[in-house]
Amino acid sequence: MHTSHPRLPGELTFMALAVAFSAFMLWAAYNISHFESISSPGAFPMLCAALLLVTGLMSLAKTARARLELEGDTFFQHFVRKLAPLQLVLFTLLIVAYALTLEIVGFLLGSYLFLLLSMQVLGSQRFGLNLLVSAVVLAAIFVVFQTAFSVVLPAGSLVGPYLPEFLK
């Protein structure tokens, strides 16, 4: 069954950016090992990025054929209401802030604050429960990555010197 939907404002631009990102990821995956063999380190990332690029191109073509309908609003009003609501913008800013501050505040503090603030932004009104859930989830992640996988998580230049040795 084929259903078509009207194109939303910004949808074509988003799809074009998704295709550009997919192409960049394919190039980055290729640079891992230049596809020396099917078992080379970059083979699986290249396959994933290639699939992402192909499906992105298919979606871009479908979106380009769709008709743009604004329903009486201006382009900007429709864009903000449908594609960039405040909650999405705030969550995106949280992700960017988390990524930029991870090396400074460290994995533990950065992830705890990210989890806590994310729950608030996404609509949770139970602050006490958010504190607990963030701590339990972070503890589980920390134990799995630190002990089971022996991954060194960033301690942070701001917090790291004050952490006990078992948390580094």
Suppose clustering is done on Ile, Leu, Val, Met, Phe, Trp and Tyr with side-chain heavy atoms closer than 4.5 Å. Which residues sit in the same group as [X]?
| X | answer |
| --- | --- |
| Val136 | Leu132 |
| Leu88 | none |
| Leu93 | Val89 |

Which donor-acceptor pairs under 3.5 Å do the side chains of residues 8-29 make with protein atoms, sequence neighbours left out?
residue	atom	partner	partner atom	Å
Glu11	OE1	Leu8	N	2.9
Glu11	OE2	His5	NE2	3.2
Ser22	OG	Ala18	O	2.6

Ring pair (Phe, Tyr, Trp, His ring centres under 6.0 Å) contacts touching residues 95-118 (sequence neighbours left out) |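 Pairs touching residues 95-118 that pass the test: Tyr98-Phe114.
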Does Ser33 have any side-chain hydrogen bond (donor to acceptor under 3.5 Å, both in side chains) partners at least two apart in sequence or in another chain, and if so, which?
->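 With neighbours one apart ignored, the set is Ser40.
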Minimal non-hydrogen separation, Pro154 against Leu102, with atom names |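 In this case the closest contact between Pro154 and Leu102 is CG-CG, 4.1 Å.
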Contact summary for Thr63 and Arg7, nearest pair of heavy atoms |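 Shortest heavy-atom separation between Thr63 and Arg7 comes out as O-CD, 3.3 Å.
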Residues 121-130, side-chain donor-acceptor partners within the protein, below 3.5 Å, at least two apart:
residue	atom	partner	partner atom	Å
Ser124	OG	Asn130	OD1	2.8
Ser124	OG	Asn130	ND2	3.2
Gln125	NE2	Gly123	O	3.4
Asn130	ND2	Gln120	OE1	2.5
Asn130	ND2	Arg126	O	3.4

Leu113: what forms a side chain to side chain contact (heavy atoms under 4.5 Å, CB included) with it, not counting sequence neighbours?
->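 Leu113 satisfies side chain to side chain contact (heavy atoms under 4.5 Å, CB included) with Leu109 once adjacent residues are dropped.
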Establish whether Val143 and Val151 are linked, either directly or via other cluster members, by ILVMFWY side-chain heavy-atom contacts under 4.5 Å.
->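 Different clusters: Val143 never reaches Val151 through Ile, Leu, Val, Met, Phe, Trp or Tyr contacts under 4.5 Å.
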Hphob cluster co-occupancy, Tyr30 + Ile32, side-chain heavy atoms under 4.5 angstrom =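 Different hydrophobic clusters.
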If you look only at distance, which donor and acceptor atoms sit under 3.5 Å apart when one is on a side chain in residues 42-59 and the other is two or more places apart or in another chain?
residue	atom	partner	partner atom	Å
Thr55	OG1	Leu51	O	2.9
Thr55	OG1	Leu52	O	3.2
Ser59	OG	Thr55	O	3.2

Out of curiosity, Leu153 CG to Ile141 CD1, how far, rounded to the nearest 0.5 Å?
->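 Reported to 0.5 Å precision, the distance equals 9.5 Å.
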